[in-house]
Amino acid sequence: MRAGRRRARDVLEEHLARVEEREPRIHAFNLVLADAARAAADAVDASDDKGPLAGVPVALKDNMCTRGVPTTCSSRILEDWRPPYDATVVARVRAAGGVVIGKTNLDEFAMGSSTENSAFGPTRNPHDLGRVPGGSSGGSAAAVAARLAPLALGSDTGGSIRQPAALCGVVGVKPTYGAVSRYGLVAFASSLDQIGPFAESVDDAALFLDAIWDHDPCDSTSLAGARPSLDSGSDVRGLRIGVIDEMVTGDGIEPAVRAAVSAAADGLASAGAKVDTVSLPSTQYGISAYYLIAPAEASSNLARYDGVRYGLRVDADDVALMNAATRDAGFGAEVKRRIMLGTYALSAGYYDAFYGQAQRVRTLIIRDFARAYERFDALLAPTSPTVAFEIGSKTADPLAMYLCDVCTVPVNLTGQPGMSVPFGASDGGLPIGVQVIAPALGEAVMFRVGRALEQLAPEAAPA
Amino acid sequence: MSDYETVIGLEVHVELATASKLFCGCPNEFGVEPNTNVCPVCLGLPGSLPVLNEKAVEYALRVAEALHLHVPERSVFSRKNYFYPDMPKNYQTSQYDLPFAIDGFIEVDGARIGITRAHLEEDTGKTSHMGGAGRIHGADFSLVDYNRAGVPLLEIVSEPDIRSSDQAKRYVDELRLTLLAVGVSDVKMEEGSMRVDANVSVRPSGSPELGTRAEIKNLNSLRSLVRAIEYEGERQWALVQAGEPVVQETRHWDEASGRTISGRSKEEAHDYRYFPEPDLVPVAPTEEMRAHVRATMPELPAARRARYVREWSIKEEDARILVDVPGLGEYAERAIASLDGGGTAKDVVNWVRQDVLAYVNETGLSPAVLSPEMLAELVALVSAGTISRNQAKDVLDESLREEKWPRDIVEVKGLAQVSDESSLTSAIDAVLAANPGFLEEYRAADDKARKKKRGFIMGEVMKALQGQGNAQVLNRLLDDRLGS
Amino acid sequence: MHVARLARLALSDDEIASLTKELGAILDHAAQVSALDTHAVEPTAHPLPLVNVLRPDEARPGLARDEVLAAAPAAEDGRFRVPRILGEAP
Ligand SMILES: [Mg+2]
Ligand SMILES: [Zn+2]
């Protein structure tokens, strides 16, 4: 994808042609911005000032604000909303020469692990159209996997970049919390949300992340100060790598996934890393803590959709009835479920037992990881317990769907970076992802291990 | 009248006079066109995030210092969740279990009123109710303006240490003066930059127990605060005496009917579901910030009153007026500083608290536009006996209105008094010469008649002097001459 | 349903029935956290240990009112229009 050699417009047309051909079956996009992308590509071609993403088509998850362009979060409640401003990350992409090609589908408000919770219909996995691409950033993962865009942005609250990356056979990175500005990212769970890249290769993901990583004075939780070098090579000799025991041996981890992680561990060992297993007992409570904290924050973040200032309104006789009718009509089942769950977890009499306790468990998980990093430079785990599952197979059982995030949520709860690198496939040819986790701001070592895994991985199946 | 005591705690919301709002750069202005000071942050648009205004932190520190509050190492913002259309996010970013400042007090007329806490939070927008006479009840629909949404508020919560409506008023007065002095707010109740809610309960006099309290809202002036507390005290005591329970609830003051009205809605009690605001980080005022605030603290009203009494030998009551009226004390200080030997600080204060204050009240002008040097000159003229006090009143009036120097007015109008003893003595001599036999008659008369006769002669002498004789000196000379 | 009222959701009877069942199962699972001994463990509200992120007190123009109100479901006289409000703010 390295730009400069080819005309941006030619690169774009190639991708638009593939969109034309494949998008009707995959439904990766809520909106394809062909005209605006052509204008942006032409502007890049006419400019001497080539940024690091010059002329590269970039797909944006449709929960990132784009000025004057619909930003729906795949929700009826924001179906017609056009933000009056660009998210900071979108401005960064444009400033780096990236060509925004479209807005990708997601689980409504990023709540889900399959992209089936979109008000505009599910996205399909390019490797098997009967299966989900994962979620919630399923549209972005599928767009990169189907080569509709070489780069895409997602947001990861409990695994929403890494899990679809694994299920679609692409690279997906959740950086350290605070690395990429959240200003203009429609909030799901503020203390967990983080934007990150999808790419076909680890190098591309590193280049992309480098272009969007910046301190933003508009985001109080944005990191200032020194940032790691992502151009960290692939030499793992001497690195101490811990394989998280609970995540490999736990219930519900498919044998093929377990085998892939152990093959990856063996590969790293043969490349010179010191590999051992490590136990992080508190991470078993990650899902429970996560499914209290994230809905609690979400219940508050989504209170603003009330039919008063923007978005959908369903009229009613008084303002409270109007709010309730609007929210009932505008939100899908999963969003309502989480709002209810979060409201309950914060309500009087339950706060201490649920939300308060979850915050304490969060501390325990942080301590477990801190202890692990006394002995290890990076950790290895599955990204998803399973390969891509069939569309509709988990929609009736919310808890089963939540368990998809078992290996990814601890990383969000602690704020550390994690990435998913494709590593082999199931017997049925479905991609498997292996997760690399590093301490906060440990992206240099994380990318190094990621590159090594990419080199060690068995030949990938084309989408 | 039954023997009960009203127990009052006040919650005061003060809008901080920052240039921009608490969490965004929108101008913090009162009275501009609706929805012209709004941005993604204060409109709660999806994706927007708050960033705390450093000036609001400094102002909160100033208030904490003035109210003897302890500022913990760190405070945390929390979300207070409830639905209301004037609140763009349907939660208010406020502070809850870890407030900005705790445990302070303010002295009110010698009594110490405890201050429980002071915390930072954002203001809401404004709703206007259309139809139904502009009241919320009976309105057809409402219109919302978010200019005020996100304006920084400091909520100052007192202990239930207040015992009467009058003391409540005095507390608010003192708090207002203190906040004005530290320069953090214009504290105008009528413009809503200071809003007061009262927690009121009653108990038999002398009882140590607290009764069930009602929170009274919608108090738009000091007058309504006083009336509402009195009404509510009587209402609750009547309930207690009738053996009925007082309900813990929010009540709204209705100025027109002079009553408090229950604000209970059909909805069950509110459950604000506070939790730490994940979009903001804790505030931990540094030693540098604290030192800067301490170094720039102005003199507070109580200290100023004490200084005036001490240095100028004036009454506490006069000192209070000088401090209460904005600018008046400063005016007096400058006038006193420019006194040049003639007259005392006390003289200046007498002029200031009577004539200058009357002029200020009449014209609505700020004392700041008057020249204190002119008053100092006037006081010196009176002190030197150049003009009488009565003349001085006219001179001052003209001086204030036309910005003329008193000395010039006196000169132009030929007002200067005759105080020179030899001139006055010859005037007396001339009048006595014109009334032969007066001295004998005077000496023969009884006290009552003497008084009358003396008045006659005094009048004749003044007439001869065209009213410009210095009455004080004249009296003395006349006494000598009449030998009394 | 108290929680639905707090969350301001007008749920149908069917929705309430299925949500009650699902939330029950989810909360049972979530209740695992209660089993852990966490006394003497401080809660973590935020992954970053940042403090004092402040911005200078500088006013700058916000959005154009026309653009803001164009997004509103109903606007009138420069303001957002809402149906009647039944109670005072709490
Ligand atoms: Mg308040
Ligand atoms: Zn604003």
Side-chain angles (χ1 to χ4, degrees), chain A residues 63-65 71 73 77-78 81 83-88 109 181-187 189-193 216-222 293 296-297 299-311 318-320 322-324 327 342-351 355-356 359, chain B residues 23-25 35 38-53 77-93 96-97 125 127 129 136 139-144 146 149 265-283:
Chain A
N63 60 353
M64 296 173 198
C65 288
T71 299
C73 297
I77 215 157
L78 284 178
W81 183 59
Y85 74 108
D86 267 341
T88 299
F109 283 103
S181 169
R182 293 186 295 119
Y183 190 79
L185 169 70
V186 179
S190 312
S191 79
L192 303 164
D193 295 342
D216 180 7
C218 292
D219 175 357
S220 303
T221 63
S222 161
I293 293 169
E297 292 184 12
S299 70
S300 174
N301 283 331
L302 271 65
R304 71 192 65 196
Y305 307 104
D306 61 359
V308 174
R309 291 157 299 276
Y310 44 80
D318 70 64
V319 76
M322 182 278 279
N323 296 154
R327 291 162 64 76
T343 304
Y344 182 82
L346 289 173
S347 64
Y350 299 97
Y351 182 97
Y355 184 77
Q359 297 279 39
Chain B
F23 298 124
C24 64
N35 293 306
V38 292
C39 75
V41 177
C42 56
L43 276 175
L45 295 191
S48 65
L49 295 171
V51 184
L52 181 60
N53 184 337
F77 284 94
S78 288
R79 293 186 184 177
K80 180 181 185 179
N81 295 285
Y82 64 93
F83 280 81
Y84 208 75
D86 64 6
M87 215 166 40
K89 304 180 295 290
N90 286 317
Y91 59 80
Q92 181 191 31
T93 303
Y96 181 54
D97 50 351
T127 48
H129 308 297
I136 187 166
D140 300 323
F141 63 95
S142 296
L143 298 176
V144 195
Y146 293 106
S265 59
K266 280 142 294 216
E267 253 183 283
E268 66 279 18
H270 287 281
D271 178 352
Y272 294 125
R273 290 160 284 135
Y274 282 100
F275 73 101
E277 163 60 278
D279 288 330
L280 290 167
V281 303
V283 192

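On a predicted model such as this, the values are computed, not experimentally measured, just so you know. Protein chains get the first letters and strands the later ones, always in sequence-line order, with residue 1 at the start of each.
- Put simply, the side chain of Y85(A) never gets that close to the backbone of C39(B): no donor and acceptor are under 3.5 Å apart.
- Across every non-hydrogen atom of L43(B) and Y310(A), the tightest pair is O-CE2, 4.3 Å.
- Side chain to side chain, R273(B) and Y351(A) fail the donor-acceptor criterion of an N or O pair below 3.5 Å.
- The candidate with the highest count of non-hydrogen atom pairs below 4.5 Å against chain B, out of S347(A), G356(A), A296(A), S191(A), is S347(A).
- Considering every non-hydrogen atom in both A348(A) and D271(B), the closest pair reads N-OD2, 2.8 Å.
- Summarising the local packing, CZ of F141(B) is surrounded by more than 12 heavy atoms from other residues, nucleotides or ligands at distances under 6.0 Å.
- Using a 4.5 Å heavy-atom cutoff, the side chains of P84(A) and L45(B) are in contact.
- When each of T71(A), D318(A), N301(A), L192(A) is scored by its heavy-atom pairs under 4.5 Å with chain B, the top score falls to N301(A).
- Every residue was checked against the salt bridge (Lys or Arg N to Asp or Glu O under 4.0 Å) condition with D216(A), not counting sequence neighbours, and none meets it.
- Going from atom CG of D279(B) over to atom CG of D193(A) covers 9.0 Å, rounded to the nearest 0.5 Å.
- Contact annotation: the side chain of Q359(A) never approaches that of F275(B) to less than 4.5 Å [non-hydrogen atoms, C-beta and beyond].
- With a 6.0 Å radius and a threshold of 12 heavy atoms from other residues, nucleotides or ligands, Y350(A) has its OH atom at or below the threshold.
- Within the 4.5 angstrom heavy-atom criterion, no atom of A189(A) approaches chain B.
- With a 4.5 angstrom heavy-atom cutoff, F83(B) touches chain A only via side-chain atoms.
- Among C24(B), G47(B), G44(B), P40(B), the residue making the largest number of heavy-atom pairs under 4.5 Å with chain A is G47(B).
- With a 4.5 Å cut-off on non-hydrogen atoms, Y274(B) touches chain A through its backbone but not through its side chain.
- For C218(A), the part lying under 4.5 angstrom from a heavy atom of chain B is the backbone only.
- Between V51(B) and P217(A), the shortest heavy-atom contact is CG2-O, 3.3 Å.
- In this structure, CZ in R304(A) is found 5.5 Å from OG in S48(B), a value given to the nearest 0.5 Å.
- Closest approach of P278(B) and S190(A) over heavy atoms only: CG-CB, 3.6 Å.
- Of the possible polar contacts, one joining the R309(A) side chain to the P88(B) backbone as a donor-acceptor pair under 3.5 Å is found.
- Interface remark: A87(A) contributes no atoms to any contact with chain B (heavy atom separation under 4.5 Å).
- Among the candidates D219(A), T221(A), T88(A), the single residue satisfying the side-chain contact (heavy atoms from CB on, under 4.5 Å) test with L49(B) is D219(A).
- Here M87(B) contributes atom CE and D306(A) contributes atom CG; the two are 9.5 Å apart, rounded to the nearest 0.5 Å.
- Using a 4.5 Å cut-off on side-chain heavy atoms (C-beta onward), P276(B) and Y355(A) make contact.
- Residues S300(A) and R79(B) have side chains that bring a donor and an acceptor to within less than 3.5 angstrom of each other.
- Between the side chain of S220(A) and the backbone N or O of P50(B) there is at least one donor-acceptor pair closer than 3.5 Å.
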Would V41(B) and Y183(A) count as a side-chain contact (heavy atoms from CB on, under 4.5 Å) if you check the C-alpha gap in whole Å, the side-chain angles of each, and the deciding distance to 0.1 Å?
CA-CA 10 Å; V41(B) 177; Y183(A) 190 79; 3.9 Å; yes
